[in-house]
Amino acid sequence: MNYVPGTASLIDDIDKKHLVLLRDGRTLIGYLRSIDQFANLVFHQTVERIHVGKKFGDIPRGIFIVRGENVVLLGEIDVDKPCDTLLQQVSIEEILEEQRLQQQAKQETEKVKMQVLKDRGLSIPKADNLDEY
Amino acid sequence: MLLTLALPCRCVFQLFYSFFKSLVGKDVVVELKNDLRLGYLNIKLTDISVTDPEKYPHMLSVKNCFIRGSVVRYVQLPADEVDTQLLQDAARKEAMQQKQ
C-alpha cells in the first residue's frame, strides 16, 4: 500500500478525523489510528451516525476495529467545511425511531413490489447474495 | 478528469454512489492514484462532489476519499481523456506477451 511511488496510501490519513461507509450501510466517524494492507482500520472516539431524511443522530461507540472487506469508502472530514447547515441533530432515541419507521416503509414497498412481480411471473433475487466472491 | 464510480453494496438499501472530480483550470489534475494490491485497485479521489447530495448527506464535509478497490463496479471516464488507440495497442502487446 505504501513505499511505491504513485500508489494510494492511507498513511497520511492517520490521526485525522474520518468518515467510513460500511457495506451494510452504516456510517462511522472517528479518528483513524491504524491501517494495514487490507484496509483494516482502527478508529478512536468512534461515533455511529444515523441519517434519516434531514435528521441525524450520533451514537458514541468508543474504539472500533473495522475489517477491510466491509469498507466501501473512507473520507477525511474537513473540519472547516460547514456541514450541519442542512442537517438537524436529534437525540438517539428519536433517530432510532425514525430509522425504524423508514425501514418499515421500505419493507412495505418492497413487499408490494415483490407481489406485483410475482403476479407477472418474475422474480428478482435480492442483491445481498449477488456479490459473493 | 470526470470520474464516476458505481459501488455495489450488499445492503438492503441498494446504495448507489456517484462522485465527480472537478477539473481544475486547464490542467487535468489527476489526483487519482491507483494502487495495485492483491490484484485490486484502490482509488484515492481528491476534491469530490456528490451528484445526489439529498440522498447522501454524509458526504457534505468530505473533500478527499479513499475507495477500496473491491467495491468498485466500474469507473466512468470522459472519452477525450482516453487514447483508445494507444490503449488497444498496449493491451494487444500485453496479451501477446502473456501468450508466450
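These figures come from a predicted structure and were not determined experimentally. So that the names make sense, note that chain A is the first sequence line, chain B the second, and so on, each numbered from 1.
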Contacts of B/Q88 that satisfy side chain to side chain donor-acceptor pair (under 3.5 Å) - sequence neighbours left out: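 In terms of side chain to side chain donor-acceptor pair (under 3.5 Å), with neighbours along the sequence ignored, B/Q88 is linked to no residue.
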Residue pairs passing the salt bridge (charged side-chain N to carboxylate O under 4.0 Å, His left out) test where at least one lies in residues 91-100 of chain B, sequence neighbours excluded: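 For residues 91-100 of chain B: B/D89-B/R92.
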Transitive ILVMFWY side-chain link A/L22 to A/L10, under 4.5 Å: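 Both belong to a single hydrophobic cluster.
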Common cluster, A/L32/A/V42, ILVMFWY with side-chain heavy-atom separation under 4.5 Å: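 No, separate clusters.
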Smallest separation among heavy atoms of A/E69 and B/R68, with atom names: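 Heavy atoms only, the tightest pair is CA-NH1, 3.6 Å.
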B/C65 to A/G75 - nearest heavy-atom pair and separation: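 Taking every non-hydrogen atom into account, CB-CA, 3.8 Å.
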Side chain / backbone / both / neither for A/I77 at chain B, heavy atoms under 4.5 Å: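 Both parts, backbone and side chain.
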